[in-house]
Amino acid sequence: MEHERREYPRIKVRVPIELYIEDSASPIRGATTDLSLGGCYIDTMFPFAVGSSLELKLTLDDTLLVLGAVVTCDPQVGNGIRFTRMLPEDLEVLQAFLEAKQKEQGA
């Protein structure tokens, strides 16, 4: 059995996301395929290199601003992103959103 490395359970949910990479003014828009308190996975044809720092805007009921780092890169598929910084109030909004989604999905 594979060892579960993740600190938080991931929820399969599509959430609109905007990504800003260092030195780029224009966002890359996409969606999460899954989301947790500690990170997310995004679909993108042009993934970022592992170690890239990103600013993310997650669109839930509110827009959450998150700093993240790319931890996995799957060419022409997407990226795994670990959240590195988030305001406590944004973390609370994300937690409530994930708990509601978990209940909806019967997890």
Side-chain angles (χ1 to χ4, degrees):
M1 189 167 137
E2 191 177 311
H3 178 66
E4 184 59 55
R5 293 192 336 259
R6 295 194 180 102
E7 202 174 332
Y8 305 103
R10 286 203 172 181
I11 311 289
K12 290 265 181 224
V13 62
R14 290 190 73 79
V15 170
I17 192 168
E18 285 184 8
L19 307 164
Y20 297 83
I21 190 136
E22 297 160 301
D23 306 326
S24 172
S26 56
I28 293 159
R29 290 180 175 84
T32 63
T33 56
D34 62 35
L35 183 61
S36 78
L37 282 177
C40 65
Y41 194 89
I42 56 160
D43 284 331
T44 176
M45 283 296 291
F46 306 102
F48 302 106
V50 170
S52 300
S53 294
L54 304 171
E55 280 184 38
L56 307 106
K57 286 185 181 177
L58 286 169
T59 307
L60 307 177
D61 297 332
D62 298 322
T63 299
L64 308 186
L65 295 175
V66 184
L67 295 181
V70 175
V71 290
T72 64
C73 176
D74 302 308
Q76 297 183 344
V77 178
N79 282 122
I81 297 170
R82 179 174 46 85
F83 299 153
T84 55
R85 260 183 64 205
M86 191 182 319
L87 292 172
E89 53 268 34
D90 285 352
L91 191 60
E92 284 176 25
V93 169
L94 179 58
Q95 188 164 11
F97 175 83
L98 290 170
E99 285 170 3
K101 285 290 172 197
Q102 256 182 325
K103 285 187 181 118
E104 271 176 36
Q105 295 175 8

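On a predicted model such as this, the values are computed, not experimentally measured, just so you know. The chain is numbered in sequence order, starting from 1. FYI, side chains are in, hydrogens and waters are out, and symmetry mates aren't considered; it's all heavy atoms of this structure.
- Side-chain N or O atoms of Gln102 include none that pairs as donor or acceptor with a backbone N or O of Pro9 at under 3.5 Å.
- Rounding to the nearest 0.5 Å gives a distance of 10.0 Å between CG of Asp74 and CG of Asp43.
- If you take CG on Leu65 and CD on Glu18, they are separated by 10.0 Å, rounding to the nearest 0.5 Å.
- With values rounded to the nearest 0.5 angstrom, Ile42 atom CD1 is found 8.0 Å from Ile28 atom CD1.
- There is no path of hydrophobic side-chain contacts, each under 4.5 Å, that joins Leu91 to Leu87.
- Summarising the geometry, atom CG belonging to Asp90 is positioned 9.0 Å from atom CG belonging to Leu58; distances are rounded to the nearest 0.5 Å.
- Closest of all the heavy-atom pairs between Ser52 and Ile21 is CB-CD1, 3.9 Å.
- Between Tyr8 and Leu35, the closest side-chain pair of non-hydrogen atoms is not below 4.5 Å.
- Atom CG of Leu19 is separated from atom CD1 of Ile81 by 5.5 Å, given to the nearest 0.5 angstrom.
- With Asp34 contributing its side chain and Cys40 its backbone, the two residues share no donor-acceptor pair below 3.5 Å.
- With rounding to the nearest 0.5 Å, the separation of NZ in Lys101 from CG in Leu94 is 12.5 Å.
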What verdict does the side-chain contact (heavy atoms from CB on, under 4.5 Å) test give for Tyr41 and Val77, after you've listed the backbone C-alpha separation in whole Å, the side-chain angles of each residue and the deciding distance to 0.1 Å? CA-CA 10 Å; Tyr41 194 89; Val77 178; 3.7 Å; yes

Is there a side-chain contact (heavy atoms from CB on, under 4.5 Å) between Thr33 and Arg14? Walk through the geometry before answering. CA-CA 5 Å; Thr33 56; Arg14 290 190 73 79; 4.0 Å; yes

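- Of all the heavy atoms in Leu37 and Met86, the pair that sits closest is O-CE, 4.4 Å.
- A donor-acceptor pair under 3.5 Å links the side-chain atoms of Asn79 to the main chain of Phe48, judged by distance alone.
- Contacts of Leu67 classified as side-chain contact (heavy atoms from CB on, under 4.5 Å), with partners at least two apart in sequence or in another chain: Glu55, Thr84, Arg85.
- Between the side chain of Thr32 and the backbone N or O of Val15, at least one donor-acceptor pair lies under 3.5 Å.
- The two atoms that bring Gly78 and Pro47 nearest to each other are O-CB, 3.7 Å, heavy atoms only.
- When all heavy atoms are compared, the tightest approach of Leu60 to Leu64 is CD1-CD1, 3.5 Å.
- For CD of Glu89, the number of neighbouring non-hydrogen atoms (other residues, nucleotides, ligands) closer than 6.0 Å is greater than 12.
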